[in-house]
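Written out below as structure tokens is the structure these notes cover.
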Amino acid sequence: MANILIVITSILIGLILQKVRNFPVEAPKALNAYLIYVVLPAVSLLHISKLNLGLELLLPVSVGWIIFTITWILFGYLGKRFGWDKKTIGCLIICGGLSNTGFIGYPVIEAIYGAEGLKIAVLIDQTGSFLVVSSLAIIVASLYGSEKMRKRDISKQMLLFPPFLFFILALLLNIFQIEIRGVVQKVLESFSATLTPIALIAVGLQIKIKVSDIKDNYLWYGLAHKLVLIPTLIYAIYHWIPAENPDQNLIFKVSVMEAAMASMITSSIIATNYNLRPKLASLLVGVGIPLSVITLTFWYYLLEYFR
């Protein structure tokens, strides 16, 4: 319960700071930049470099790919069946198929399952969600929307994304068994420790919802899919895989929890860039994040008592 309160309290602090007079409007951008350029690279170096690589890690790696594929098939079929607008279909696929396994997933998983759980979360995010963003999501955006950037330029930006570059570096350190320790480890641990409060306060600072905005039926289709259907499917698929040791059981729990996260903030950015219902994309993130506090609590207790 204390760990859940950390998550809720951090988001509430962000919401309260929105009301503070003269509080910097650009604060969320500054905090996000700090997370992208400093904290997330530190997390990758600290945890991926020490991860015990094995076949059981194929489970978390495949989470992001399974989620996006199911979402593409489902909304592609429903959109065609009921004659939905092409841009609405694209928006629902991208936002419904990408979990916030980084900014929300990292701090939530760290708060609940500690450093061991965070290692798995980093793997799910970097080899799953992030690679899906740079490949399948761009393909969907091109098919359903108005392309505003060349694919080559988008791919270049994503391949040079700092957390991804440091993930590759950490993976090489792991493969060549180069251990991070001493002063370097202490420095990385200090920066990594700021992940949970900073990431969730930044999220709280960015949540802005009007009552009139929540009347769109497509919003609730997307939220029900992302917060209920998708984690249920991942739970059903992974539940039948035997958990022969505590590590495998932790992988199962983290995989389901990451699948249950709200839509990725980057998915809203991509949808906006390709003119795929920008307002709907923002709502799926803005409404989904606070709503996920409730649904994630449900999934947490389900995993604790019904594995």
| said: Any heavy-atom pair between the side chains of Ile66 and Tyr238 that's under 4.5 Å? | reply: yes

| Quick one: do Ile168 and Ile36 end up in the same hydrophobic cluster if we chain Ile, Leu, Val, Met, Phe, Trp and Tyr together by side-chain heavy atoms under 4.5 Å apart? | yes

| query | Quick one: are Ile109 and Met261 in side-chain contact, heavy atoms under 4.5 Å? | reply | yes

| message | Testing the basics here: between Gly97 and Phe68, what is the closest heavy-atom pair and its distance to 0.1 Å? | response | O-CD1, 3.5 Å

| task | May I ask you to decide if Met264's main-chain N or O and Ser267's side chain share a donor-acceptor pair within less than 3.5 Å? | result | yes

| request: May I ask you to check whether over 12 heavy atoms, not counting those of Tyr34, lie within 6.0 Å of atom OH? | output: yes

| message | If you compare all heavy atoms of Ala170 against all heavy atoms of Ser44, which two are closest, and at what distance to 0.1 Å? | response | CB-O, 3.3 Å

| said: Could you report the tightest heavy-atom contact between Ala259 and Ser99, atom names first, then the distance? | reply: O-OG, 3.5 Å

| message | To the closest 0.5 Å, what do you measure between NZ (Lys215) and CG (Leu283)? | response | 13.0 Å

| message | Do Thr101 and Tyr106 have side chains that approach each other closer than 4.5 Å (heavy atoms only, starting at C-beta)? | response | no

| query | Is Leu35 reachable from Leu165 through a run of hydrophobic residues whose side-chain heavy atoms are each under 4.5 Å from the next? | reply | no

| Hey, is the main chain of Gly204 close enough, under 3.5 Å, to the side chain of Gln18 for a donor-acceptor pair? | yes

| Just how far is it from atom CG of Leu12 to atom CG of Leu17, taken to the nearest 0.5 Å? | 11.0 Å

| query | What distance do Leu78 atom CG and Ile93 atom CD1 have between them, rounded to the nearest 0.5 Å? | reply | 10.0 Å

| Would you call the rings of Trp84 and Phe82 parallel, tilted or perpendicular, where under 30° means parallel and over 60° means perpendicular? | parallel

| task | Take Ile120 and Tyr113 through the test side-chain contact (heavy atoms from CB on, under 4.5 Å) and record every step on the way to the result. | result | CA-CA 10 Å; Ile120 300 168; Tyr113 299 117; over 6 Å; no

| Would you say Thr295's side chain and Ser292's backbone share a donor-acceptor pair under 3.5 angstrom? | yes

| field | Other residues, nucleotides, ligands: >12 heavy atoms within 6.0 Å of Phe23 CZ | value | yes

| message | Side chains of Asp216 and Arg277, heavy atoms from C-beta outward: is any pair under 4.5 Å? | response | yes

| task | Using modelled atom types only, decide if a donor and an acceptor are shared between the side chain of Trp65 and the backbone of Thr127 within a distance under 3.5 Å. | result | yes

| message | Determine whether the aromatic ring centres of residues Tyr274 and Tyr144 are separated by less than 6.0 angstrom. | response | no

| Considering only heavy atoms from C-beta outward, does the side chain of Leu169 approach that of Ile48 to under 4.5 Å? | no

| query | Charged N to carboxylate O below 4.0 Å: is that the case for Lys253 and Glu304? | reply | yes

| Inter-residue atom distance Leu250.CG - Gln248.CD, 0.5 Å rounding | 11.0 Å

| task | Rounded to the nearest 0.5 Å, what's the gap from CD1 on Ile198 to CG on Asn32? Could you check? | result | 10.5 Å

| field | Single hit among Ile67, Ile89, Leu143 for side-chain contact (heavy atoms from CB on, under 4.5 Å) with Trp72 | value | Leu143

| Do Asp125 and Phe167 touch side chain to side chain, with heavy atoms closer than 4.5 Å? | no

| said: Let's go through Val140 and Leu276 carefully: what are the C-alpha distance in whole Å and the side-chain angles of both, what is the deciding distance for side-chain contact (heavy atoms from CB on, under 4.5 Å) to 0.1 Å, and is it a yes or a no? | reply: CA-CA 10 Å; Val140 168; Leu276 297 171; 5.7 Å; no

| query | Is there a path from Phe166 to Leu172 through hydrophobic residues (I, L, V, M, F, W, Y) whose side chains come within less than 4.5 Å of each other? | reply | yes

| Chi angles and distances behind the side-chain contact (heavy atoms from CB on, under 4.5 Å) call for Ile8, Val293 | CA-CA 7 Å; Ile8 297 173; Val293 173; 3.6 Å; yes

| field | Cluster overlap Ile112 with Phe298, hydrophobic side-chain contacts below 4.5 Å | value | yes

| query | Any idea which heavy atoms bring Leu227 and Gly288 closest together, and the distance? | reply | CD1-O, 4.1 Å

| task | Nearest 0.5 Å please: distance from the NE2 atom of His225 over to the OG1 atom of Thr232. | result | 11.0 Å

| said: Using the rule that Ile, Leu, Val, Met, Phe, Trp and Tyr join whenever any side-chain heavy atoms are under 4.5 Å apart, tell me whether Leu291 and Leu229 fall into a single cluster. | reply: yes

| field | Pairwise side-chain contact, Leu59 with Val63, heavy-atom cut-off 4.5 Å (strictly under) | value | no

| Full working for ring-ring contact (aromatic ring centres under 6.0 Å, His included) between Phe252 and Trp240 | CA-CA 10 Å; Phe252 167 74; Trp240 297 105; over 10 Å; no

| said: On a heavy-atom basis, which atom in Ser255 and which in Ile234 lie closest, and how many Å separate them? | reply: O-CG2, 4.2 Å

| field | Heavy-atom closest contact (Lys119 atom, Lys50 atom, distance) | value | NZ-O, 4.3 Å

| With a 4.5 Å limit on heavy-atom distance, are the side chains of Thr88 and Phe75 in contact? | no

